[in-house]
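This report refers to the structure that appears directly beneath it.
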Amino acid sequence: MNWIILIIAGLFEVGFTSCLGKAKTTTGTEMYSWYGGFAFCLTVSMVLLMKATQSLPLGTAYAVWTGIGAVGTVLVGILVFKEPADFWRVFFIFTLIASIVGLKAVSSH
């Protein structure tokens with residue numbers, strides 16, 4: 001169950017970084033709404049990360065959390081913000097995914 005909590009925490013990390021990206025492209029009330037989404041996603045992500053680290057190894061949990069956030073944020077950048085998706089960028093996304101899967105595979109919990 002704590003792995004599921006950790007994955008959800010990582011998805012909320014993607015949420016808060018995506019909100020930052022959207023906030024910088026807007027103004028006024030819409031910008032503040034995106035910053036509100038940022039604060040909400042940040043809070044949920046941190047609370048879930050704290051919960052997951054109560055039973056998962058801290059180093060593994062943090063690495064998986066940041067990996068999910070990094071991969072997800074790059075994918076959102078490519079799909080939503082039209083950032084480039086060249087070979088090397090995609091290659092290194094897959095190496096991050098492989099690292100996350102590897103950490104899960106060798107974890108004792």
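By convention here, the first residue in the shown sequence is residue 1.
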Can you give the donor-acceptor pairs under 3.5 Å from side chains of residues 63-73 to other protein atoms, not counting sequence neighbours?
| residue | atom | partner | partner atom | Å |
| --- | --- | --- | --- | --- |
| Trp65 | NE1 | Ala9 | O | 3.4 |
| Trp65 | NE1 | Ser45 | OG | 2.9 |
| Thr66 | OG1 | Tyr62 | O | 3.1 |
| Thr66 | OG1 | Ala63 | O | 3.1 |
| Thr73 | OG1 | Thr17 | OG1 | 2.7 |
| Thr73 | OG1 | Gly69 | O | 2.6 |

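- Contact record, Phe81 with Ser18: CZ-O, 3.8 Å, taken as the closest heavy-atom pair.
- Residue pairs satisfying the ring-ring contact (aromatic ring centres under 6.0 Å, His included) criterion with at least one member in residues 8-31, sequence neighbours excluded, are listed as follows: Phe16-Phe38.
- Side-chain heavy atoms closer than 4.5 Å link hydrophobic residues (I, L, V, M, F, W, Y) into clusters, and following such links, possibly through other members, connects Leu11 to Leu56.
- Following chains of ILVMFWY side-chain contacts shorter than 4.5 Å, one can reach Val90 starting from Ile97, so the two form part of one hydrophobic cluster.
- Scored by the salt bridge (Lys or Arg N to Asp or Glu O under 4.0 Å) test, Glu83 finds Arg89 as partners (sequence neighbours excluded).
- Ile5 is linked by a side-chain contact (heavy atoms from CB on, under 4.5 Å) to Met1, Asn2, Leu48, Lys51, Ala52, counting only residues two or more places apart in sequence or in another chain.
- Both Leu96 and Val74 sit in one connected hydrophobic cluster of ILVMFWY residues. Membership requires side-chain heavy atoms under 4.5 Å apart, directly or through other members.
- Hydrophobic cluster membership differs between Val47 and Phe40, with clusters built from Ile, Leu, Val, Met, Phe, Trp and Tyr side chains linked at under 4.5 angstrom.
- Between Pro84 and Ile78, the shortest heavy-atom distance links the atoms O-CG1, 3.7 Å.
- Hydrophobic clustering places Ile7 together with Leu42 (ILVMFWY residues linked when any side-chain heavy atoms are closer than 4.5 Å, directly or through intermediates).
- Looking at residues two or more places apart in sequence or on another chain, you find a side-chain contact (heavy atoms from CB on, under 4.5 Å) between Phe87 and Phe91.
- Thr95 places a side-chain N or O within donor-acceptor distance of the main-chain N or O of Phe92, the cut-off being under 3.5 Å.
- Evaluation of the salt bridge (Lys or Arg N to Asp or Glu O under 4.0 Å) test over residues 3-25, restricted to residues two or more places apart or in two chains, returns none.
- The two residues Leu49 and Ala61 come nearest to each other via the heavy atoms CD1-O, 4.3 Å.
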